[in-house]
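What follows is a single structure, written as structure tokens, with notes after it.
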Amino acid sequence: MPCTLSILLIHTLLSLLLPLTLAQTWTSCNPLNGTCPADTALSTNHTFDFTLAQPGNTWNLTAGAISYSPTTGAAFTINQKGDSPTIQSKFYLFFGVVEVWMQAATGKGIVSSIVLQSDDLDEIDWEIIGSNTTHVENNYYGKGNTTDAVARAKWYPMPGANSTDNNNSSASSSSPQDGFHNYTTSWTQEKLEWYVDGSLIRTLKYEDANGGASYPQTPCQLRLGIWPAGDPSNNNYTVAWAGGEVDYKKGPYTMNVKSARVTDFSSGKEYQYGDRTGSWQSIKTIPGNSTSQETLSKPPEKSLKQQFEGLSKGGKIGVAVGVIGAAVLALAGLWACCAIQRRKGRKEAALADAAYERDTAELLEYRAQGPKGWEKI
Ligand SMILES: *[C@@H]1O[C@H](CO)[C@@H](O)[C@H](O)[C@H]1NC(C)=O
Ligand SMILES: *[C@@H]1O[C@H](CO)[C@@H](O)[C@H](O)[C@H]1NC(C)=O
Ligand SMILES: *[C@@H]1O[C@H](CO)[C@@H](O)[C@H](O)[C@H]1NC(C)=O
Ligand SMILES: *[C@@H]1O[C@H](CO)[C@@H](O)[C@H](O)[C@H]1NC(C)=O
Ligand SMILES: *[C@@H]1O[C@H](CO)[C@@H](O)[C@H](O)[C@H]1NC(C)=O
Ligand SMILES: *[C@@H]1O[C@H](CO)[C@@H](O)[C@H](O)[C@H]1NC(C)=O
Ligand SMILES: *[C@@H]1O[C@H](CO)[C@@H](O)[C@H](O)[C@H]1NC(C)=O
Ligand SMILES: *[C@@H]1O[C@H](CO)[C@@H](O)[C@H](O)[C@H]1NC(C)=O
Ligand SMILES: *[C@@H]1O[C@H](CO)[C@@H](O)[C@H](O)[C@H]1NC(C)=O
Ligand SMILES: *[C@@H]1O[C@H](CO)[C@@H](O)[C@H](O)[C@H]1NC(C)=O
Ligand SMILES: *[C@@H]1O[C@H](CO)[C@@H](O)[C@H](O)[C@H]1NC(C)=O
């Protein structure tokens with residue numbers, strides 16, 4: 001089958017060239033409702049510097065595509081309807097600190113987000129609306145409980161929004177869309193703290209979250225992404241929450257992330273739910289070496305460019321001929337492929353986007369419906 005062969009060839013070429021896996025669907029095993037695989041522990045602290053390197057194989061690209069720049073790091077861009085590029089860590093942290101340096105995207109209806117989320121839907125959020133240049137929002141959820149989500153979503157002025165009370169040269173402007181800002185979340189068994197540019201803006205104590213029942217307390221993955229919450233197809237409340245309808249013609253809209261410093265307060269190989277309570281006391285840490293830690297402690301692989309430059313002239317020609325040949329073969333094969341395949345691919349991409357919208361937007365949708373209508377839509 002020429003289709004299968006050329007797709008295989010292209011797939012191989014892509015897997016050589018791209019460090020990230022393409023369009024993932026989201027794992028949806030809720031440990032409160034059955035047995036799920038254990039969560040890979042980060043078990044260390046690590047700074048992902050997106051100006052130096054791409055996130056590599058400790059992250060999954062779950063939607064869209066990310067580009068990289070040595071000055072502004074990872075760029076998450078919405079070019080058109082349906083775009084919502086997002087990366088998600090493969091590792092989990094079980095309490096810890098996350099410091100993300102981000103320049104939020106501009107634009108009505110565009111949401112730049114930093115999300116910690118667990119398998120049983122504990123969640124800690126930063127959500128920055130593109131059209132709001134003075135305030136940032138944050139929120140939390142325990143076990144997916146969306147009751148009173150609107151009351152929990154809180155807006156805070158950027159420190160220094162009024163003038164000279166921010167003498168910080170690293171954060172030159174107080175607008176989230178202007179320059180990079182330090183969004184730090186500190187998460188322990190006792191309390192959650194949200195900081196912007198070194199200022200503590202919100203504290204949540206365990207007991208103040210529905211007596212602890214709604215306190216995020218299970219191992220979380222980190223997700224960085226941009227979402228067009230103000231897409232005209234979304235419900236009015238979501239659109240209003242996001243500052244209005246997205247005007248795709250005024251795009252592209254880009255969220256930039258320079259770095260993410262992640263500290264895991266727990267250690268071990270994996271974190272496993274011991275029962276179906278979702279309490280932190282029920283989480284078992286499986287002893288052993290964390291695969292994420294091992295991956296991260298390896299010296300960075302030489303980039304393809306460096307490997308290529310390390311070759312002799314003959315070797316270079318050989319590689320070039322091989323790559324070009326393979327590409328020509330693959331493209332020729334693909335050309336021969338029927339349109340059905342292409343349509344199928346498009347459908348798969350649409351499905352992946354739909355899955356993204358469903359999973360990521362679900363809570364946004366809830367919270368944007370206003371204080372009354374919390375029925376799931
Ligand atoms: C638990 O499983 C049941 C049956 O499969 C399903 O209907 C329900 O939505 C699940 N609940 C959660 C929280 O995943
Ligand atoms: C965490 O980072 C600090 C530097 O900030 C380093 O000294 C320390 O060894 C790290 N801890 C672990 C467990 O990697
Ligand atoms: C990341 O992507 C891989 C490959 O598709 C998938 O098997 C895995 O479940 C994903 N990992 C996480 C932690 O989401
Ligand atoms: C930004 O958010 C704050 C708090 O919700 C609100 O008072 C303000 O009007 C918003 N600004 C814009 C431009 O939407
Ligand atoms: C969900 O949250 C609400 C408000 O915080 C609380 O009253 C309710 O008991 C919670 N539900 C569960 C199942 O914990
Ligand atoms: C800026 O001034 C307004 C009105 O005086 C005040 O409500 C707000 O808290 C101030 N913001 C900061 C960051 O100090
Ligand atoms: C910023 O600098 C001014 C003038 O030097 C000083 O009065 C003020 O206390 C400083 N603010 C902070 C937060 O350091
Ligand atoms: C400036 O910002 C950095 C990074 O957020 C922080 O470590 C430092 O304490 C801040 N300094 C001031 C004076 O706010
Ligand atoms: C970012 O903010 C956190 C919390 O205030 C602080 O601990 C950290 O040092 C800041 N990062 C930098 C690079 O200044
Ligand atoms: C949303 O707004 C449109 C136009 O203003 C209106 O026709 C529609 O009924 C609204 N839908 C809801 C669910 O409020
Ligand atoms: C963990 O790694 C260390 C070396 O880094 C090794 O000595 C040890 O045997 C490993 N432990 C396990 C359980 O694999």
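Each ligand, and each atom within it, is numbered from 1 in the order the structure gives.
Counting heavy atoms from C-beta outward, Lys90 and Thr40 have side chains that stay 4.5 Å or more apart. Within the 4.5 Å cutoff, the side chain of Glu123 has no heavy atoms near those of the Leu116 side chain. Between Thr218 and Trp280, the closest side-chain pair of non-hydrogen atoms is not below 4.5 Å. For the pair Leu222/Val98, a side-chain contact is recorded, criterion being any heavy-atom separation below 4.5 Å from C-beta on.
Within the listing of ligand 9, atoms 1 (C), 8 (C), 10 (C), 11 (N), 12 (C), 13 (C) sit less than 4.0 angstrom from a heavy atom of Glu99.
Residues Trp101 and Phe180 keep their aromatic ring centres 6.0 Å or farther apart.
Checking each of Tyr92, Tyr271, Tyr273 against Asp119 for a side chain to side chain donor-acceptor pair (under 3.5 Å) leaves exactly one that passes, namely Tyr92.
For atom 9 (O) of ligand 11, no protein heavy-atom neighbour is found at a distance under 4.0 Å. For atom 14 (O) of ligand 11, a protein heavy-atom neighbour is present inside the 4.0 Å cut-off.
Protein heavy atom closest to atom 2 (O) of ligand 11, with residue, atom name and distance, is Asn289 ND2, 2.2 Å. Nearest protein heavy-atom contact of atom 4 (C) of ligand 5 is Asp148 OD2, 3.3 Å. The closest protein non-hydrogen atom to atom 7 (O) of ligand 5 is Asn210 OD1, 4.3 Å. Looking at atom 11 (N) of ligand 5, its nearest protein heavy atom turns out to be Asn145 ND2, 2.8 Å.
Considering backbone and side-chain N/O atoms, Arg152 never comes within less than 3.5 Å of an N/O atom of ligand 5.
The residue among Thr185, Asp197, Asn182 with a heavy atom at the shortest distance from atom 1 (C) of ligand 9 is Asn182.
Salt-bridge formation is not detected for the pair Lys108/Asp247: no Lys NZ or Arg NE/NH1/NH2 atom is positioned less than 4.0 Å from an Asp or Glu carboxylate oxygen.
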